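Scope of the values below: all heavy atoms of this structure, side chains included, with no hydrogens, waters or symmetry mates. Throughout, protein chains are lettered first and strands after them, A, B, ... in sequence-line order, and every chain is numbered starting at 1. All of these numbers come straight from a predicted model, not from anything done at the bench.
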Number of protein chains: 2
Amino acid sequence: MPKKVDNHARRKLIAEALVRVAAKRGLEAVSLRHVAEEADVSLGMVQHYFRTKDEMMTFAMDVVRDNAGARMAGGIEPNLPPKDLVRALLVQLLPLDEDRLLDANVALAFFAYTAVRPQAGAGLRENTTQLRDFITGQILASRETGDASPRPDPVLAATALAALIEGLSIHVLGGHYSAEEALAALDTHLDTVFS
Amino acid sequence: MPKKVDNHARRKLIAEALVRVAAKRGLEAVSLRHVAEEADVSLGMVQHYFRTKDEMMTFAMDVVRDNAGARMAGGIEPNLPPKDLVRALLVQLLPLDEDRLLDANVALAFFAYTAVRPQAGAGLRENTTQLRDFITGQILASRETGDASPRPDPVLAATALAALIEGLSIHVLGGHYSAEEALAALDTHLDTVFS
DNA sequence: TTCTTTACAGTGCAGTCGTATTGCCAAACG
DNA sequence: CGTTTGGCAATACGACTGCACTGTAAAGAA
C-alpha cells in the first residue's frame, strides 16, 4: 500500500470549510470550487474525498450534528436538577457566541435543504427525537421529586421546548431580537414547565 | 400611452410561480428560466417585469408575507377572547393544509436566505415584531379581565409564542412529527400562558 | 397617418456549475 | 530494485446560470 493519509480527518477538514462557506454566504454559494478554496486545497482533492457533491453535503450535515451533540454533551454536569440540565442543553443550541451562531446558521440552511429532500433529513429527525425524549424524561423526573405540578402532557411540553429553541435561534439569526432576549424567553418558559 | 397591462398582477403571477418552484424544489432551483416555465411565460417577460433576479426574489418574499398576513387576518373573528384570538392567528402559520405547507416551506427557505442577506430581512423582522406586539397586547388584555395569573413578563411570553410556532412549523416541514402533534403542543403552551 | 412608448420574444454571452478523465508523483511492497 | 497503487492536480466538457441586447407587434398621442 502506498501513502497513508487520515481519510476521515481530511473529510472533516473539507466539511468544516463547507460549513464556513455556508455560514458566510449561504448554502447556494456552496460549490466544490468554493469549498476547495476555503479549505485551501485543490478541487481535485475535494473530488477525491467526495465522489459527488451530495455525498459532501450529507457528510457536512453529520459533522454539524456531531458538533451540536458534542456541545450539548459538554454542557452537561451530572447531578444537576432536571430544569438546569435541560436548560444547559438547550442553551448550547442558541447562537450566543460566534461559534454557535455559525453552526445555527448552517443548521437553518440544512433545515431548508432537507425540507425539499426528505431522505436527507433522517439524521435531523433522529436528533430532535432524541432531544424530545430526553427532555420528556427530565420533566417526568422533576415531577417525581415533586418539584413540578403535574399538569400538562410531558411529551407535548418537551416538543414545545424543542421547537421553542429552534424558533428562537432562527429569530436571533434573522436579527429579530438579541440572543439575550431569546435566552430570557427560554428561561420564563422553563419556569412554567418546571414550575 | 401604449398597451395597458395590469403590471402588479403580472408580477404577482410570476412571484406565485416562483413560490411554487421554491416549495417543490427549493430556493436553489429558482432560476429565471424555471420560474418562467412554471408561470408558462417567456424568459423575456420575466425579465421585463423584474430587472434583476434579486428584485424578483424580494417581491416574492413580500407576496408570501402578504399571503400569511391575509390568512391571519381572515382567521380572526372579532369579540373572541384573547386566547382564542391568538390561537386563531398562530394556527394560520402552522402547515395544516397543502396551501399553508407550501407557504411555510417557502418561508423557511426565505429565512435561510435572509440569514445571509441581512438587508433583505427587514420585512420578515417587521412581521415578527408586529406579531409579538399583538400577542403581548392580547396577553395584557386577558390579564385585565382577570383570566390569567399575572406572573411572567408578557413580552417574553409573546416572544416565546412567536418562536414556538416557527419552530413547530419547521419540525413539521422536516417530517419530525405531524401537524396535529404540533397543534397539540401549541395548545398546551397556550393553556399555560393564558392560564 | 406618423410617431412614440410599452410589452414582450428571442438570442447571445461570459461565467459557473458538477462531474469525468487523464496523468504525475511518491510511498510501500515484492 | 522495480512495480504497483493510492493521493492528488489539472483540464476539459456539457449544462446551466443571470443578464444584456435586439427585434417586433401593438396601442394610444400627435
Nucleotide-resolved protein contact map, nucleotides 12-19 of chain C, B/S/- at heavy-atom distance under 4.0 Å | -----BBB
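Computed from coordinates, the L13(A) CG to dC8(D) C1' distance equals 14 Å when rounded to whole Å. In this structure, M45(A) places its CE atom 13 Å from P of dA10(D), rounding to the nearest Å. Between the P atom of dT6(C) and the CG atom of N7(B) lies a distance of 11 Å, rounded to the nearest Å. dA20(D) atom P lies 16 Å from atom CZ of F50(B), rounded to whole Å. Summarising the geometry, the separation between NE2 on H8(B) and C1' on dT6(C) is reported as 19 Å, rounded to the nearest angstrom. One can place CG of D40(B) at 10 Å from P of dA9(C), the figure rounded to the nearest angstrom.
Checked against the 6.0 Å centroid criterion, the rings of F59(B) and H8(B) qualify as a close aromatic pair.
Under a 4.0 Å N-O distance rule, the pair E28(A)/K53(B) does not qualify as a salt bridge.
Checking the phosphate oxygens (OP1, OP2) of dA7(C), a side-chain nitrogen or oxygen of H48(B) falls inside 4.0 Å.
R25(A) places no side-chain N or O within donor-acceptor distance of the main-chain N or O of V116(B), the cut-off being under 3.5 Å. Side chain of S178(A) to main chain of E181(A): a donor-acceptor pair is present (N/O by atom type, distance under 3.5 Å, no hydrogens or angles).
The number of heavy-atom neighbours closer than 6.0 Å to NZ of K12(A), taken from other residues, nucleotides and ligands shown, is 12 or below.
Taking the side-chain contact (heavy atoms from CB on, under 4.5 Å) definition, one finds that N67(B) meets it with V63(B), D103(B), sequence neighbours left out.
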